[in-house]
Amino acid sequence: MSERVVTRFAPSPTGYLHVGGARTALFNWLWARRNGGTFILRIEDTDQKRNTPTAARQVMTDLQWLGIDWDEGPETGGPHGPYLQSQRTDLYDKYVRQLLDEGKAYHCFETAEELDAMRQEAEAQKTGFVYRRPENPPSEEQAQQARAEGRAIAVRFAVPQDQPIVVNDVVRGQISFNPAELADFIILKSDGFPTYNFACVVDDALMEVTHVIRGQEHLMNTPGQQALWQALFPERPLPQYAHMSVTVSDSGGKLSKRERPKTLRAAIEALQNPDLGKLAAAGGISTDDVAAFLEGKSVPDMPAIDAMAASLGVRLPEINIVDFFKSGYLPETMVNFLALLGWNPGDQREVMSVEELTEAFDLSRLTKSNSLFDRQKLIAFNTEHIRMVPKDVLLDHFKAYLEQVQSPLLAADDEVLAKVLELCEGARTLEQIDQKSRFLYVEDDHIEFDETAVKKVLLKGQALEVLQIVRDRLAQMSEYTEQALEDMLRGLAEERQVGLGKVAQPLRVALCGTTISLPIFDSVNLLGKQRTLTRIDATLKRFGAATKAESK
RNA sequence: GCCCCCUUCGUCUAGUGGCCUAGGAUAUCAGGUUCUCAUCCUGGAGACAGGGGUUCGACUCCCCUAGGGGGUACCA
């Protein structure tokens, strides 16, 4: 493979990087890395209405979290910059001019509304709408005049009609298109910005892109782009196109950003008496916004959606890359899992490191059919990667996670965190590790007791009695080691002719408020004698009184 | 409506005409280990969308039907 490889990821900055985009980025990146080639990041911000100023930065942050770096792009620079399309308009203008002069493009004056009307009419008659090229395209003078009158003026590419356009796709083979069914598409919008189909071709050519790896949703754009490329850059070879299958959601349909708001809306609607005011406050938006959201009229931004969901304790399906970060997935897991969505190494390997993926990746093994995003399998992968990743790397990931969710465990030093990670071997997500360990750093009088845990463990049988004995023996222990603790608890269980669970569970709930925590001996040990006793006393006082009251 | 793509266990997939009584993973079920949650171990069940061809022989090649997906913008 001595051939030079240049790939690119070209997102439009409309929000967070989502799973689909991340996969596209990853495949392009893997292919470039595999071949010692160049990976370019290009921001396609030619739609004035849809861009948000911080989105490009957000996308870059998300890529970086995944470990996807770019050789050329924003903030990195490179020989083909700038890498924001909104800063390249002079280039696009130049090529539009060239096409116009060569008679390969022409002006048109229809407004968006007029075109809409034509389209609707066509639809009413159940026929497809194809823009018909006028017999005599407007002259340069007419265009000048229209411009002077302030009319909307756009430029269309005249798609060559002489022969079928054959796209040679790496994944799907040769696909032939009838040019008569390809409309003369707009390349320059009336606001002066190029359309995607135009800017993309100009940039791919200028940036010397050799491989275009993208989702199947772009397959229908390809004949037009290819024709444009040949009109503009006849001397340059076309890039290799590879159209990947689409990723669909396990809740049915295409994996879409809209799933999160949808899930939240359903959760709110399922409530008897949703407190809209409280929701609005949680989301930092107005009550009217919440009402409009419930009626399906508008959708608040992601942070507001997240905050409202959190206030209700509702879990939203992860869609954006940051969502997976917040749910405690490792970047290694995401990269591995994403890579297997529409690709496989051809042997029976599945859990793979980035290095292995890079080494094995090949365009010839891209899958044709759509794949479903299976969260269950993702969790299984995460379990494997948590186990596989080097200790220091895992520690770094864990600290980043704790920071992200602002866990009380942030107060712990590296030594304790490393110990916690060791004790949580077999955990499925970083979130689980955090959840079962954070009690260590919660104030003794701030323990939240889980209702079912209290009922099922503490208030059952002789639990409180046993807890009292545990407390007394603990207080008397001169040596407070894990081994001593274990001996004591096991001894007690044996004395009372019960399983260790009968002794350990009440203690666990007293210390953590839940039935889920680190192994009990370690929990007691890490918490320290004093705090352990304090928590047991508080529990005995609180629930001991409750049972007495009940028995009266 | 029109155009394009796709179709193997629930899910992701291996399979490029005989290695297929179709392999792996995950999920699921049964059993075991275990102080909780997990992990872990053993075993089980589970698929070539349907119909026609081609061929000595089709999961593999061709056609049709059905189903799924994508596109049909002055979005990308």
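Naming convention: chains lettered A, B, ... in sequence-line order (proteins, then strands); numbering from 1 in each chain.
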Please list, chain by chain and in numerical order, all residues satisfying salt bridge (Lys or Arg N to Asp or Glu O under 4.0 Å) with A:Asp47, sequence neighbours excluded. A:Arg50

Phosphate-side-chain proximity, [X] and [N], N/O vs OP1/OP2 below 4.0 Å:
X	N	value
A:Arg490	B:rC35	yes
A:Arg349	B:rG24	no
A:Lys189	B:rC75	yes
A:Thr46	B:rA76	yes

Can you pull out every ring-ring contact (aromatic ring centres under 6.0 Å, His included) where at least one residue sits in residues 157-176 of chain A? Sequence neighbours excluded, please. A:Phe157-A:Phe185

Please work out which residues in residues 161-172 of chain A have a non-hydrogen atom less than 4.0 Å from an atom of RNA chain B and list them by number. A:Arg172

Protein-nucleotides 15-21 of chain B N/O pairs under 3.5 Å:
| unit_1 | atom_1 | unit_2 | atom_2 | d |
| --- | --- | --- | --- | --- |
| B:rG15 | OP1 | A:Arg365 | NH1 | 3.4 |
| B:rG15 | OP1 | A:Arg365 | NH2 | 3.2 |

What nucleotide among B:rU39, B:rU13, B:rG23 has an atom nearest to a side-chain atom of A:Glu425? B:rU39

B:rA38, B:rG70, B:rU7: which one has an atom nearest the side-chain heavy atoms of A:Met220? B:rG70

For [X], which residues count as a side-chain hydrogen bond (donor to acceptor under 3.5 Å, both in side chains) partner, sequence neighbours excluded?
X	value
A:Gln58	none
A:Glu495	A:Arg473
A:Ser353	A:Glu355, A:Glu356

Tell me which pairs pass salt bridge (charged side-chain N to carboxylate O under 4.0 Å, His left out) where either residue lies in residues 7-16 of chain A, with sequence neighbours left out. A:Arg8-A:Asp204

Check: A:Phe543 ring centroid to A:Phe449 ring centroid under 6.0 Å: yes

Got a sec, which residues hit ring-ring contact (aromatic ring centres under 6.0 Å, His included) with A:His18, two or more places apart in sequence or on another chain? none

Could you list the residues that satisfy side chain to side chain contact (heavy atoms under 4.5 Å, CB included) with A:Gln505, not counting sequence neighbours? A:Val457, A:Arg508, A:Thr515

Pair listing, side chain to side chain donor-acceptor pair (under 3.5 Å) test, anchored in residues 175-186 of chain A, at least two apart: A:Tyr106-A:Asp184, A:Arg133-A:Asp184

What's the spacing between A:Arg349 CZ and A:Asn336 CG if we round to 0.5 Å? 10.5 Å

Just the rounded figure in Å: distance from P of B:rC2 to OH of A:Tyr131. 25 Å

Could you tell me the separation between the CG atom of A:Leu423 and the P atom of B:rC37, rounded to a whole number of Å? 17 Å

Mind checking A:Ala112 for me? I need base, sugar-phosphate or nothing, with any heavy atom below 4.0 Å counting as a touch. base

Have a look at A:Leu340 and say if it touches a base, only the backbone sugar-phosphate, or nothing, with a 4.0 Å heavy-atom cut-off. sugar-phosphate

Grab the N/O contacts between the protein and nucleotides 40-48 of chain B below 3.5 Å, and write none if there aren't any.
| unit_1 | atom_1 | unit_2 | atom_2 | d |
| --- | --- | --- | --- | --- |
| B:rC40 | OP1 | A:Arg387 | NH2 | 3.3 |

